[in-house]
Amino acid sequence: MATRWFGFPVILLILCTLPVFVLSKSPETTPTSDPDAATVTDPQVDTETAEPTVEERQWEATETGEPNPGGAPAEEQATSSGGAAPASPAPPPKDDFQEELVIRPLQSGDIYSSFQFRTLWDSDFMGGNKVSHYRLFPKSLGQVITKFSVRELHISFTQGYWRTMQWGQPFMPAPPGAELWVWFQDSVTDVDATWKELTNVLSGIFCASLNFIDSTNTVQPSASFKPLGISNVTDHRFLRYATLPREIVCTENLTPWKKLLPCGSKAGLSLLMKSEKLFHSSFHSQAVHIRPVCQDWQCKATSWELRQTLSVVFDLHTSGQGKREWSLFKMFSRTLTEACPLASSSKIYIDITDNPQGEQFELSPATPLLTQAVVLGDRRTYAVYDLTQQSTFGPMRSLNLLLRWKSTEGDSLRPLLHGERYVAGYGLQTGEIHTLMYNNHPYRSFPVLLLDTVPWYLRLYIHTLTVTSKGKDNNPSYIHYQPSKDRLRPHLLEMLVQLPPNSVTEVTVQFERALLKWTEYTPDPNHGFYVGSSVISSLVPSIVAMDTNSSQERPLFSSFFPCKEESSYFVRIYTEPLLVNLPTPDFSMPYNVICLTCTVVAVGYGSLYNLLTRSFQVDEPSPGLAKRIANVIRRMRGVPLL
């Protein structure tokens, strides 16, 4: 007992003297008279005192993946440059979140807004290790990746059709309706069973009709869909692709999509996502892309990338204003007050490539920060608003970008690759599917990969397949056709076609309509049956040299599709979905027969039942007038009645 009481004052003495040593040592580590201390100042103070920069290249300023020239570690270089070595920083977090909003004014008066949310997580799902702690990455998607051994997952929900000839190429293309394609790991033994279970789980997560995906609308493309992340497995047996062209996108799909964001819809750019405004537009598309990416330029370690995109085109006429004037409040009914606290980068990009001197439109408030990026083979200029800087919001603590048009002159964007699709023929027995592919390049030809998925009830006559360009036959260099099986799988047609310069290539195939069972018709069979969009993939010649370094920092909207050639860029476009009428019986006749039968049965059976169950009684004739008067008199006198 005496020994324990003796040690207690000693411990108190040591704890009391420890801050004295720390305080006496701190002035020596940070001397105020050091001349080098004047150069180590707050970067925000330098930004305010210095002149505003004219151009900002975020992907060139932060060279995260470049090795040191001398091969020495960063700590040794800092020590050799002079001054004391800085204290070792805390280990960086294993996840990172970035958000962007790109606004592109269109010549038609419409405006294109594209949200990009990117979450990077340094975690190994493929190793079979179970992850129990989630910070920024959604737990629901992490469990899906782990349980179903998913290597890549791409899902999109789109309402409306992207008008390529009027709006140009989108940053993230998607077909109308719902699209889902997944790459599984090679450890999956039964891909079909895993695919079926995965679609049911995703249907619950996104509150969509993905549970209607089955073998009748699922295909295995052989060349059209390659892994977009790092992957050594390209066996198409582990790939599944399906579309639901009739899927209707509404608030029920947007709400779970927003819940996957680290800040939800409470702060940052997601604050602008008001359902009333987003769905009151001519085009709306939301997507989720999960893939493994490299952490550095040597790709020694990998990370999981979750990219959530939302694209909206606001129509000038549906807005109700009729003025060529846009603002954040007019588009989204809200303004920005802060960035997402969990985001390492939060920026807004305004495309001012066609407005270098402000001839076409006026942008306010003005920003001195400009950046250039190569997007879809063209070098574009953007005005940058950094939401992490408090000066961006101004004294009102609110940011409401205003874009006011001055002139309606200007050339519309004409894409180099464009596709169309329609149904020809008459009657309800046979027909033709025509697919048109436009190569608008004046002097260069390039190959395209066409993917067609046709339901089994449209029986293709593959011997009638013709491909023509400029009135001549154009023989495909590669054809992969998988015939359909009734009520089991659809048709799959893939072909590699060379498009001549400045030409239109037409692909035609005939089909015959099948007669379905009465239980296989939709509730509105006279509306027609939808056929999914054709997928056209190609390497299109680029105007400027593309950057093939995927580890270099750049805006999110310009770095999704991997680029391996400097002279071309990858593009994927979708045609219109088809609406085909099938031979439909008159479903009103059973209703009429039922009504007539029920009427006859009710009248006949009711009359017979009435006769069998009624009881008859003899009704005596009523007395005459004299007798009734006599009975009244006798009743008054108290005499018995007659």
Item to complete: In sequence, state the C-alpha distance, the side-chain angles, and the governing distance for Met273 and Ser265, and then conclude on side chain to side chain contact (heavy atoms under 4.5 Å, CB included).
Response: CA-CA 7 Å; Met273 299 178 184; Ser265 58; 5.8 Å; no

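- In terms of heavy atoms, Arg513 sits closest to Gly427 at NH1-O, 3.4 Å.
- For Glu520, the CD atom counts as densely surrounded, since its 6.0 Å shell holds more than 12 non-hydrogen atoms of other residues, nucleotides or ligands.
- The side-chain contact (heavy atoms from CB on, under 4.5 Å) test with Val467 is passed by exactly one of Leu450, Val507, Thr435: Val507.
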Q: Would you sort out whether Thr337 and Arg397 count as a side chain to side chain contact (heavy atoms under 4.5 Å, CB included), showing the intermediate values?
A: CA-CA 6 Å; Thr337 56; Arg397 304 294 304 161; over 6 Å; no

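- Counted by atom type alone, Ser224 and Glu494 present one or more donor-acceptor pairs between their side chains at under 3.5 Å.
- By the 30° and 60° cut-offs, the orientation of the rings of Tyr112 relative to Trp162 is perpendicular.
- Taking the six-membered ring where tryptophan is involved, the planes of Phe171 and Phe557 are tilted, since the angle between them lies from 30° to 60°.
- No more than 12 heavy atoms of other residues, nucleotides or ligands sit less than 6.0 Å from atom CZ of Arg237.
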Chi angles and distances behind the side chain to side chain contact (heavy atoms under 4.5 Å, CB included) call for Arg291, Phe560:
CA-CA 11 Å; Arg291 61 176 180 175; Phe560 182 73; 3.9 Å; yes

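- Applying the side-chain hydrogen bond (donor to acceptor under 3.5 Å, both in side chains) rule to His434 yields the partners Glu432, Glu506, Thr508; only residues at least two apart in sequence or on another chain are considered.
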Val313 and Ser281: side chain to side chain contact (heavy atoms under 4.5 Å, CB included), yes or no, with the steps? CA-CA 6 Å; Val313 176; Ser281 58; 5.9 Å; no

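- Ion pairing between a basic and an acidic side chain is recognised when a charged N comes within 4.0 Å of a carboxylate O; Glu325 and Arg404 show such pairing.
- Ring orientation note: the planes of His527 and Tyr530 are tilted relative to one another, at an angle of 30° to 60°.
- Between Trp257 and Phe117, the ring planes are perpendicular. Angles over 60° get that label, and only those under 30° would be called parallel.
- The ring-ring contact (aromatic ring centres under 6.0 Å, His included) search around Phe279 returns His284, not counting sequence neighbours.
- Aromatic ring orientation, Phe206 versus Phe157: tilted (interplanar angle from 30° to 60°).
- In this structure, Asp192 does not pair ionically with Arg489, as no charged nitrogen and carboxylate oxygen lie closer than 4.0 Å.
- Under a cut-off of 6.0 angstrom, the local environment of CZ in Phe148 is crowded, with over 12 non-hydrogen atoms contributed by other residues, nucleotides or ligands.
- Between the CZ atom of Phe529 and the CG atom of Leu579 there is a distance of 10.0 Å, given to the nearest 0.5 Å.
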